[in-house]
Amino acid sequence: MNLLRLFVICFYSLFLCCNALQLRRKRVLQNYDGGTEDLADLLLEQYKKAKIFDKPDRLERQGDGFMSMSTTCTDKAAYLLGVLSEVTTVSDLTSPTTSQGLAYTWMVQDDTVDVCTYSTLLQRYSLVTTYYATNGTNWNDSTSWLSTDGSSECEWNGVTCQDGSVTTLNLQANNLSGTLPSEFTALSSIIEILFFSNGLSGTIPSLEDLTSLITVDFEANDFSGTIVPSLPTSIENYQVSNNDLTGSLPTSLSTLTSLKNFWCIGNSLSGTIPDFPDSIELLYLNEVGVQGTIPTTFGSLSNIQQFFANGNTLSGTIPQELFQITQLRLHNNNLEGPMGDVTDVLTNLWLQNNTMTGTLPASLTNATNLENVLLGNNQFSGSIPAISSSSMAFFDARSNLLTGTIPSSLFSDSLSFLYLQWNQLSGPIPSEYSSADSLSDLYLSNNTLTGEIPGISDDQLTELTEFLVSGNSFTGSMPSSVCDLRTSGILEDLHADCAPPDIQLECDLGDCCTRCF
């Protein structure tokens with residue numbers, strides 16, 4: 001009799017349980033417009049594990065594919081499912097193979113924080129999902145990540161917080177791979193994302209909702225797709241050089257009025273350069289495939305300091321005002337027209353391998369902070385201004401139509417490389433050349449230079465490795481003091497017009513000159 005009673009009680013309890021499940025399943029399908037049978041079953045699986053059939057839980061539509069569960073914080077699994085469904089679909093959360101499902105499982109089974117009172121669950125979940133999506137077990141340094149001692153995510157390696165909210169995620173050169181999950185954008189207070197030099201792939205997610213975001217560094221990864229996703233107006237630094245990004249630069253860049261640094265070197269873009277906001281300071285578009293002309297609006301950018309767009313197929317003229325910035329690198333394009341006036345803020349001017357014309361501006365004489373001037377393989381004419389910069393290390397004006405004499409002011413203590421070959425320069429080599437203590441390469445071949453090669457003292461030009469003077473009209477003989485550099489110094493190449501039968505400059509082949517023409 002007792003056994004029969006026990007059987008009846010168990011059967012009745014099971015009936016009530018199954019009935020409650022079916023009612024809840026029906027409620028899921030009713031409350032989630034468009035809900036599927038499979039989705040309802042997934043949720044009921046969680047309810048079964050939670051054993052909360054008597055709680056007033058309900059499911060609500062939260063936009064396409066998103067659901068949230070209002071529930072009392074009685075069961076960890078069910079409560080987390082409700083909270084996390086604000087940013088992730090339930091099907092992803094309950095999948096054992098997705099990074100979202102792995103993160104949810106870890107938070108349910110291994111994490112020891114009190115989910116009922118923990119104030120940054122979504123932030124914690126976003127980081128855990130990012131860990132799984134980027135193969136965290138293979139990171140170079142994952143110290144404290146996914147620790148089970150109940151510590152805050154703010155203590156994890158590379159994570160910086162302010163008042164409990166993540167403000168910086170610095171995982172540079174940490175062997176991340178895989179793709180960034182969309183849940184990454186749940187880090188609503190983040191200011192800096194620093195993922196330089198990893199193996200991340202896929203597309204860059206939209207960052208538009210991260211309204212505090214200032215710096216993004218995704219350089220040296222394997223990202224593909226659009227170069228600029230939706231960005232918040234707070235963005236100041238956007239660095240995505242050396243990826244596999246494609247497409248064109250969007251015109252919306254001009255609306256990012258806080259943008260200071262935009263670096264996208266070495267991608268595979270197309271189209272033209274759009275306008276940029278006046279806030280831009282450093283603009284790096286080297287070797288990205290852009291074409292067309294440089295926008296005339298660039299002439300009115302009042303804050304720009306460096307503009308690099310070398311190695312593209314840009315054409316037309318350069319806005320004259322750009323010659324008054326700190327660094328201008330536009331070499332290896334199809335640019336034409338004259339140079340504009342420069343100021344003393346200019347340090348680097350790289351214009352080689354274009355089709356530019358006109359004379360070199362006299363204002364170069366006042367650019368006393370010049371370090372590198374590269375003008376080779378253009379069609380510049382006229383004389384070389386008397387440039388006098390104590391910082392000049394590299395001056396290259398080879399293969400132009402330059403005339404006149406070589407300014408003695410070029411030979412400063414800092415000068416290491418001087419390339420003036422293949423022009424129409426005349427007159428002698430300035431005797432001051434011997435005072436260029438750092439001079440390594442001196443190329444003067446194929447001009448119309450005359451006179452004798454000046455001699456040097458024993459302690460001069462000790463760094464000279466290449467001295468090329470062939471193809472000129474020098475007379476006399478190569479000074480023995482110069483020849484001595486072949487044995488006492490590091491001079492490797494010494495070329496002159498010393499080949500018979502029409503020897504113009506006496507120079508013993510082998511003992512002094514290394515090649516005679």
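Residue numbers run from 1 in the order of the sequence given.
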Single hit among T272, V290, N354 for side-chain contact (heavy atoms from CB on, under 4.5 Å) with L314: V290

Tell me if the centroids of the rings in Y131 and W139 come within less than 6.0 Å of each other. yes

Is the ring pair F276/F298 parallel, tilted or perpendicular, if the boundaries are 30 and 60 degrees? perpendicular

Closest non-hydrogen atom pair, T365 against P385: CG2-CB, 3.6 Å

Can you list, pair by pair, the side-chain donor-acceptor contacts under 3.5 Å of residues 222-230, counting residues two or more places apart and other chains?
none

Do Q123 and E153 meet the criterion of a side-chain donor-acceptor pair at a distance under 3.5 Å? yes

Do Q100 and E183 meet the criterion of a side-chain donor-acceptor pair at a distance under 3.5 Å? yes

Compute both the distance and the angle, then confirm whether R329 meets the cation-pi test with W350: under 6.0 Å from the six-membered ring centre, within 45 degrees of the axis. yes

Check the surroundings of atom CG in D209: do more than 12 heavy atoms from other residues, nucleotides or ligands lie under 6.0 Å from it? no

side-chain contact (heavy atoms from CB on, under 4.5 Å) evaluation trace for L249 with V288: CA-CA 10 Å; L249 294 169; V288 295; 5.8 Å; no

Take the angle between the ring planes of W145 and W156 and call it parallel below 30°, perpendicular above 60°, tilted in between. tilted

Can you confirm whether E371 sits close enough to S391 that some side-chain heavy atom of one is under 4.5 Å from a side-chain heavy atom of the other? yes

Quick check, are the ring centers of F417 and Y443 under 6.0 angstrom apart? no

Do the non-hydrogen side-chain atoms of L93 and Y125 ever get within less than 4.5 Å of each other? yes

My understanding is that only residues two or more places apart in sequence, or in another chain, count here; which of them pass side-chain hydrogen bond (donor to acceptor under 3.5 Å, both in side chains) with D341? S363

Mutual orientation of the aromatic rings belonging to F411 and Y433 [parallel < 30°, tilted 30-60°, perpendicular > 60°]: perpendicular

Quick one: which of Y238, F308, F262, F307 gives a ring pair (Phe, Tyr, Trp, His ring centres under 6.0 Å) with Y284? F308

